[in-house]
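The structure presented is a predicted model; accordingly, all values stated were derived computationally and were not measured. In what follows, chains are A, B, ... by sequence order, proteins preceding strands, each numbered from 1. Quick note: numbers below take in every heavy atom, side chains included, and nothing from hydrogens, waters or symmetry partners.
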Amino acid sequence: MEKQFRPASVELRWRQRWEQLAIGHADVSSRRPTYVIALPPPNITGALHMGHACGFSIQDTLCRQKRMAGLDVEWCPGTDHAAIATQNVIERQLADEGTTKEALGRAAFQARVDAWYEEYGGRIYEQMRRLGYTCDWVRSRFTLDPEYVRAIRVVFKELFDSGLIYRGPRIVNWCPRDRSAISDEEIEWREHRDTLYHLRYPIDGGGEIVVATVRPETMLGDTGVAVAPGDPRYAPLVGRTVTLPLTGRRVPIVADSAVKPEFGTGALKVTPGHDPTDYEIGHRHNLDVITVMAPDGTMDVPSLPQFHGLPVEQAREAVAAALRVAGVLVATEEYVHDVGHCDRCGHVLEPLISEQWWVRMHELAQPAIAVVESGEVAFHPRRYADVYLTWMRNIRDWCISRQIWLGHAIPVSRCGNGHTFAWLEHPVACAHCGDAQLVDDPDVLDTWFSSALWPFAIFGWPEETADLRRFYPTDVLVTGRDIIFLWVARMIMTGLRFTDSKPFSEVMITSIIQAADGSRMSKSKGNVVDPLDMVERYGADAVRAWAAAVGTGSQDVRFDAERIEAYQRFANKLWNVTRLLVLSLGGGGEVMHAPRTPNPEELQAEDRWMLVELARLSDDVDASFTTYRFHDAVSRLYDTAWHSYCDWYVEMAKLRLRDSADEPSRNAAAWTAITALDAILRLLHPFMPFLTEECAQHLPAAAPTLQHREWPASPGWWRDEPARQAHEEVGWLIDVVQRIRALRQERGAERNREHVALVLDGDTRALGIDRAAALAAELVPATLVDAHGNGASPDVIPVGGLRARIAVRAAAPAERAAGGKRLRQLDSTIARMRAQLGNEGFIRQAPGGVVDGVRRRLAEAEAEARALRETVGDGSGQATSQQW
RNA sequence: GGGCGGAUAGCUCAGUCGGUCAGAGCGCCUCGCUUACACCGAGGAGGUCACAGGUUCGAGUCCUGUUCCGCCCACCA
């Protein structure tokens, strides 16, 4: 075994082993209970970032643990075609080449896309393999697979036939760059600093009314002016008309509650064709809807050639200038507000009227609300259930059509007789009248429409496949909160409607990984961290342990590579303690001799102490899996493995391991050391699979993989009263050792056995006083003067039932005073506790255990302070010199 | 406008039922290459738990308000 754990040298080998053993493959014919996760499919066009690495690692950790617990685990991977995102990427490529998709034509464009999918799909899976994920690769799915397309069409047709999908002209969020509508959930709001223009509209028959707008160019499409109902300034004007500048159109003044009288001038120009609020107002007052903008974002006003064809920004300036000349523009003010952008391409959205396909959501939402209210679908952390419910209760219809080239075609045709119908396979004639003059719908579906079917479509739905029967519904969904609306909610709705079952019963929301400065990681900022870089630098295990440590606990986390590095060190530590056991217990080669199982009475107190530590660790790790608090699990594993096991147990056991004269003792230590390491490795395996596999190979009980070993469960006698007693007493011993070491160093003594003289006595039941003294002498290290209290030193350190008397050979008198620091700490603690005990309310109302605890600690502190004053003095240099 | 989260050591973060809760890792200081590990070991310094009130015998923890930071929702022209 090498002195250092080298992840690069073992990872490939273990990945191959897991693949050979088909660890990730679930057996559809098995009778074992299942555990199923549908991997949130990453966009096929991208590479995985640290956020993916975090969420996916947690899923693999869940899967590995469930396998060890005996479940048949199916973790089904896949990728998403990401229509708009992919199209944008390819279009940018084409632009760089000086061409366009239109010039290329549909077929050639599709060929480019297919090549792109081919190239990138494999890359994502390769990244996942490098991180050690045990997905069921055989079942991997792509949202463009034929079976998947079939599922989409079945869902669409059912919703269409039942009237939940409809087509209609409505005001939509239009992206002029993508030339497509997008849904409300795909808007990214950004703050803009704009100008608020005050425009004076002349009232017919005399007078004027001033409106405020940030978009003067839209006044070309105004069809009304609105004021708040009952606004005394304008009440008399309601019902009159104004004649618009530039267009000369006469439009009415109406009163509508959507108008806030305190904003701007209290009067609103109404442009139903280009503003959602205005659209509603216009609808209520039967105002005309006039469109003045083309789908490409330029003005579409042939009757006003000076503006026709201008892009929005230019049109805004031109119209404002014209209004200024006409004396209509009476004032401007700076105005900061949020403007909607396309979340895919970043372009400013233009609200405009367009024919689109919509899903009526209200009816679909009701059962999806019920399952979360009842807890049948539970969110972790819990508060996200409220986020979900609030959105669901206010849900609006979903615009599912996109005017782009890529994606799933909307499976609808219209015949020459005007019948519009949805189909599963492309028809040759009208389903209603047989007319063969069919026109297909030109639009494609929102990518999220297909994603919404993921948990059941991946298993073959709508066919009653064996996979579907066995693996659906899934157990848990692990994802980020940013797609609760876009994805999680819609999966729950479609699952309940089409499979009569919730698609998963738990939703685990993971943290969002930010850049080091707290900003979003994004390619454009160049602050994206590639998980593979981290794997190469620190090893896959370190990345995975980091993921578990930061991915839960609900706080967004700033990326800090040092935190990954800490787990690399941890891996090395465990590797080396394994090495130590191999060197001490090696039976030739690099595998330890299997120790005989000791009789319980052969175990020393420290052995029992370690077993109790293990029992507690395994309880805590189990609890962390139940509550999805992986950061707890990682920190408990880290502490127990490093500190309890390496720093204390192994140090205590070392002597016995080397003492071949006392076989029962040596055997008990060996058995305990190996048993503990084996349990730690198994508990840690879901988090750090490579390291734990590699270490476990050196243990006597080695299996082909830890995935075939059982999840640790501690026997009852690790938790019984004798064990607890031993644990407590060894705890005292550890405390004593630490205090002696501190005193030694404070007083400038070398870490040398001869510089500390130790006498230990006390009341111990599980840990004999001779044994305690021997251990303490070894651990400090110190010279054991007399285990029966005949030494000359006064008491110094009382902890629990132990009393240690020590004498330290100080380097210099001045440094001896350093003990005064401990005294000052003790004095303030003593004062605080005395005050507390002097408080009647505390004595009367605090639980007895708490009061007793304070009394006990006070007594200990007082005893220690008293003893310290005798040996060390109070810092004034008048310490008694203890020699021996 | 409504809501959620955060503010704890120099940095990044834990802290569940109010009472060993003043913690970890990194960084820093002092020792130590002791036959597992210097990617290590031993010890140490360092915090008015954002601020102000309140509840309580007792508050980092519960309540109210305030200030900053991040995010979400919303028909802020």
Sorted by chain and number, sequence neighbours left out, ring-ring contact (aromatic ring centres under 6.0 Å, His included) with A/His274 holds for none

Practice item. Give A/Lys3 one of three labels, base, sugar-phosphate or nothing, depending on what nucleic acid heavy atoms sit under 4.0 Å from its own. Key: sugar-phosphate

Of the candidates B/A36, B/G43, B/U12, the side chain of A/Asp560 sits closest to B/U12

Atom CZ of A/Phe842 and atom P of B/A59 are separated, to the nearest Å, by 12 Å

Going 5' to 3' through nucleotides 67-74 of chain B and flagging B where a protein heavy-atom sits under 4.0 Å of the base, S where only the sugar-phosphate is that close, and - otherwise, we get ----S-SB

message: What contact category does A/Val557 fall into here, base, sugar-phosphate, or nothing, at under 4.0 angstrom with non-hydrogen atoms?
response: sugar-phosphate

Winner on side-chain proximity to A/Leu268, out of B/U16, B/A42, B/A77, is B/A77

When A/Val488, A/Asp556, A/Thr510, A/Val387 are each screened for side chain to side chain contact (heavy atoms under 4.5 Å, CB included) with A/Arg481, the one that passes is A/Asp556

chi for B/C17 classified (syn = within 90 degrees of 0, anti otherwise) as syn

**Study point:** Sugar-phosphate only, base, or nothing, as touched by A/Glu750 at under 4.0 Å among non-hydrogen atoms
**Key:** nothing

Notebook entry, point to check: Mind checking the P distance from B/C49 to B/U61? Whole angstroms is fine.
Noted result: 10 Å

Taking B/U20, B/C57, B/G15 as options, the one with an atom nearest any side-chain atom of A/Arg857 is B/U20

Could you check whether A/Val577 gets within reach of a base, just the sugar-phosphate, or nothing at all, counting any heavy atom under 4.0 Å? base

**Item:** Flag for A/Thr271-A/Asp222: side-chain donor and acceptor within less than 3.5 Å
**Value:** yes

Worksheet item: Just checking A/Ala267: base, sugar-phosphate only, or nothing, at a heavy-atom cut-off of under 4.0 Å?
Response: base

Query raised in the report: With a non-hydrogen cut-off below 4.0 angstrom, is A/Arg739 in contact with a base, only sugar-phosphate, or nothing?
Result: nothing

Flag for A/His631-A/Thr552: side-chain donor and acceptor within less than 3.5 Å = yes

B/G46 and B/G54, which share atom name P, separated by this distance in whole Å:
31 Å

field: A/Asp517/A/Arg558 salt bridge by N-O under 4.0 Å criterion
entry: no

Kindly say whether A/Met1 contributes a backbone atom to a donor-acceptor pair with the side chain of A/Glu590 at under 3.5 angstrom?
yes

Students often get this wrong, so: under 4.0 angstrom with heavy atoms, is A/Thr213 touching a base, only sugar-phosphate, or nothing? sugar-phosphate

**Asked** Checking all strands, does A/Arg751 fall into the base, sugar-phosphate, or nothing category for heavy-atom contacts under 4.0 angstrom?
**Response** base

A/Lys573 has its side chain closest, among B/G15, B/C40, B/C4, to B/C40

Could you list, one pair per line, each protein nitrogen or oxygen that sits under 3.5 Å from a nitrogen or oxygen of nucleotides 26-29 of chain B, together with the distance?
unit_1	atom_1	unit_2	atom_2	d
B/C26	O2'	A/Glu562	OE1	2.6
B/C26	O2'	A/Glu562	OE2	3.3

Parallel, tilted or perpendicular: ring planes of A/Tyr279 versus A/His283, cut at 30 and 60 degrees
parallel

task = May I ask you to say what A/Pro847 touches in the nucleic acid, namely base, sugar-phosphate or nothing, with a heavy-atom cut-off under 4.0 Å?
result = base

*asked:* I'd like to know if the side chain of A/His192 pairs up with that of A/Asp338 as donor and acceptor (distance under 3.5 Å, no hydrogens or angles considered).
replied: no

*asked:* Under 4.0 Å, counting only non-hydrogen atoms across every strand here, what does A/Ala742 touch: a base, just sugar-phosphate, or nothing?
replied: sugar-phosphate

- Could you tell me whether A/Glu651 contacts a base, only the sugar-phosphate backbone, or nothing, with contacts defined as non-hydrogen atoms closer than 4.0 Å? base

Backbone N or O of A/Leu691 within a donor-acceptor pair of the A/Asp541 side chain at under 3.5 Å?
yes

Quiz item: Heavy atoms under 4.0 Å, any strand shown: does A/Trp546 hit a base, just sugar-phosphate, or nothing?
Solution: nothing

Counting any heavy atom closer than 4.0 Å, what does A/Lys269 reach on the DNA or RNA strands: base, sugar-phosphate only, or nothing? nothing

Polar contact flag, side-chain donor to acceptor under 3.5 angstrom, A/Asn576-A/Arg579
yes

Winner on side-chain proximity to A/Tyr335, out of B/C37, B/A77, B/U12, is B/A77

Whole-Å distance, A/Glu280 CD to B/A77 P, equals 14 Å

